[in-house]
**Student:** 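Below are the structure tokens for one structure; questions will follow.
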Amino acid sequence: MAIKNTYLLGLMERVEKRNPGEPEFHQAVREVLESLEAVIEKHPEYVECGVIDSIVEPERIIKFRVPWVDDNGKVQINRGFRIQFNSAIGPYKGGLRFHPSVYEGIIKFLGFEQIFKNSLTGLPIGGGKGGSDFDPKGKSDGEVMRFCQSFMTELSKHIGADTDVPAGDIGVGGREIGYMYGQYKRLRNEFTGVLTGKGIPYGGSLARTQATGYGLCYFADEMLKDKGMSFEGKTVVISGSGNVAIYACEKATQLGAKVVALSDSNGYVYDSEGIDLGAVKQIKEVERKRIKEYINYRPNAKYTEGCGGIWTIPCDIALPCATQNEISAESAKALVANGVKAVAEGANMPSTPEAIEIFQSNKVLFGPAKAANAGGVATSALEMSQNSMRLSWTFEEVDEKLHGIMVNIYKNASAAAKEYGMEDNLVAGANIAGFIKVAEAMKAHGVV
Ligand code: NDP
């Protein structure tokens with residue numbers, strides 16, 4: 001799809017000019033504006049009241065220095081970000097990413113996507129995102145703790161349980177959330193649900209760790225069922241071996257599929273007998289080592305250096321769960337040539353626009369990230385509810401709510417696509433369904 005409407009074309013040009021050198025943000029905005037062509041034909045009032053002009057501009061961008069001392073006593077300086085993108089339907093909500101590739105454009109694209117994703121969950125949460133160019137890889141626990149404390153010392157001035165509630169993302173798991181929560185509590189002398197993804201002993205929700213991966217499979221399962229298919233007996237390839245990938249692998253296996261590959265940024269493993277998740281959890285969650293260690297546990301498995309080649313492995317279902325733009329047009333062509341039936345995005349924006357076009361034109365079922373990976377943030381919102389009520393729900397209660405939310409997201413995205421004349425196009429459907437709720441709230445609030 002390309003933007004044809006003159007107003008939207010002009011807006012896209014202004015976004016590119018105002019945010020130079022931020023291709024990921026441009027890509028995310030372009031995809032949403034493409035989907036909105038049909039909406040503004042029906043609802044010209046969204047253009048007239050300035051909602052679309054406003055929604056592409058963050059409400060607030062916070063950028064700060066993060067000084068910390070490494071194990072050799074040397075001062076290190078990183079850069080921290082928090083983008084509070086849109087609070088029309090609730091407090092800003094979205095993860096923190098610690099990865100050397102982080103810069104303003106990455107946080108902006110993620111924060112923008114988060115607005116629509118959070119709206120799709122049906123829960124009252126606005127869109128935000130943050131992070132740092134700090135690389136936790138290879139750092140000692142002490143170094144990670146000192147970095148997190150310094151990062152939170154500044155961030156604590158801008159967040160709060162009713163204002164902005166960050167969570168984890170790439171490079172930010174339970175360890176990092178724990179250090180940041182401890183520092184927030186110490187600085188503010190309050191015990192509130194200011195972060196989600198917390199440990200169970202101090203206010204975390206059961207099933208939050210599993211939520212994004214499980215939710216991805218619940219969404220994909222619903223998408224498959226709608227077309228008379230299921231995970232049962234299918235071969236699945238999953239990229240990444242972090243939080244999302246591990247729990248997608250667990251749920252896909254529980255649903256009767258065989259997961260044959262996982263990766264990290266160095267390479268991928270192929271195990272024709274099905275991935276041994278116990279070994280992966282030991283390597284990644286306990287030892288914090290590289291995925292190539294897997295062949296020490298499973299000598300029949302094969303390790304290949306370089307992560308892109310994972311998409312040449314024949315599979316029925318592909319679940320990209322590593323990072324943005326990891327599926328190129330070439331990878332998409334390889335997947336289609338090998339007969340892939342469904343692709344559901346666990347990572348944020350893992351397929352390039354060209355790859356999406358290839359999937360859609362070849363009738364591959366395609367679940368976009370905004371819809372398919374919304375289970376993480378939805379369960380974070382459930383963690384916020386439990387914190388506010390000072391109650392804890394059981395694993396089963398949270399998991400059941402998560403399942404219901406993912407089924408609804410599929411149904412709403414699918415219905416919106418149909419209503420606006422783009423049946424089966426879940427990219428458009430998710431963008432439209434997510435947009436309308438936020439646009440209605442913004443319209444009601446007036447020019448603010
Ligand atoms: P983790 O840090 O736990 O794992 C990330 C995984 O992706 C690692 O295996 C990592 O490998 C790999 N990876 C990261 N960057 C690259 C890269 N540039 N090239 C190749 N591989 C890479 O992160 P999560 O599992 O939490 O996040 C994965 C994706 O899911 C991200 O896109 C995130 O935004 C998205 N997401 C996460 C949610 C959550 O709840 N955690 C919620 C919704 C979306 P290596 O160790 O080598 O870096």
Side-chain angles (χ1 to χ4, degrees), residues 24 28 93-102 106-107 109-111 113-114 117-118 120-121 127 129-131 134-138 166-177 195-197 204-205 207-216 219 238-249 261-269 280-281 283-285 287-294 305-311 319-328 331 344-351 367-383 402 406 409:
E24 299 86 359
K93 181 92 199 80
L96 297 170
R97 177 176 290 191
F98 292 170
H99 193 271
S101 64
V102 164
I106 292 277
I107 302 299
F109 116 66
L110 291 164
E113 296 257 300
Q114 201 81 43
K117 180 189 309 193
N118 292 5
L120 277 172
T121 64
K129 198 83 189 189
F134 173 75
D135 187 358
K137 233 177 279 165
D169 189 80
I170 291 179
V172 178
R175 174 181 61 171
E176 291 75 16
I177 292 287
L195 295 175
T196 58
S205 173
R208 174 60 188 93
T209 304
Q210 293 81 356
T212 309
Y214 277 24
L216 171 68
F219 180 93
I238 302 179
S239 63
S241 48
N243 172 264
V244 181
I246 286 176
Y247 292 97
C249 180
L262 286 176
S263 64
D264 60 23
S265 55
N266 293 111
Y268 64 92
V269 287
V280 176
K281 285 185 180 175
I283 296 162
K284 286 291 172 179
E285 294 184 337
E287 296 168 12
R288 296 181 186 276
K289 287 194 175 152
R290 311 306 299 158
I291 198 68
K292 72 172 170 216
E293 301 288 328
Y294 184 82
E305 201 64 39
C307 51
I310 193 170
W311 305 119
L319 303 175
C321 295
T323 195
Q324 63 276 355
N325 292 326
E326 55 168 309
I327 302 191
S328 61
S331 304
E345 297 185 321
N348 283 308
M349 210 167 76
S351 313
K370 273 187 204 86
N373 75 19
V377 75
T379 307
S380 276
L382 300 179
E383 182 172 330
L402 167 66
M406 298 315 295
I409 292 177

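Atoms within a ligand are numbered from 1 in the order they appear, just like the ligands themselves. Scope of the values below: all heavy atoms of this structure, side chains included, with no hydrogens, waters or symmetry mates.
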**Student:** From the options E113, Q114, K370, K117, select the one residue that forms a side chain to side chain donor-acceptor pair (under 3.5 Å) with N348.
**Tutor:**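 When side chain to side chain donor-acceptor pair (under 3.5 Å) is applied between N348 and each of E113, Q114, K370, K117, only K117 qualifies.
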**Student:** Take I283 and I291 through the side-chain contact (heavy atoms from CB on, under 4.5 Å) test and state the conclusion after the steps.
**Tutor:** CA-CA 7 Å; I283 296 162; I291 198 68; 5.5 Å; no
**Student:** How would you list, by chain and number, every residue that makes a side chain to side chain donor-acceptor pair (under 3.5 Å) with S241, sequence neighbours excluded?
**Tutor:** none
**Student:** Give the residues near ligand 1 by chain and number, with the criterion being a heavy-atom distance under 4.0 Å.
**Tutor:**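 Heavy-atom contacts below 4.0 Å: R97, H99, K137, D169, I170, G171, R208, T212, G240, S241, G242, N243, V244, S263, D264, S265, R290, C307, C321, A322, T323, G346, A347, N348, N373.
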**Student:** Please name all residues satisfying side-chain contact (heavy atoms from CB on, under 4.5 Å) with K292, sequence neighbours left out, ordered by chain then number.
**Tutor:**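 Residues passing side-chain contact (heavy atoms from CB on, under 4.5 Å) with K292: R290, Y303.
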**Student:** Just jot down the side-chain contact (heavy atoms from CB on, under 4.5 Å) partners of S331, sequence neighbours excluded, or say none.
**Tutor:** W311, I327, S328
**Student:** The test is side-chain contact (heavy atoms from CB on, under 4.5 Å); show your working for C307 and E326 and say whether it passes.
**Tutor:** CA-CA 9 Å; C307 51; E326 55 168 309; over 6 Å; no
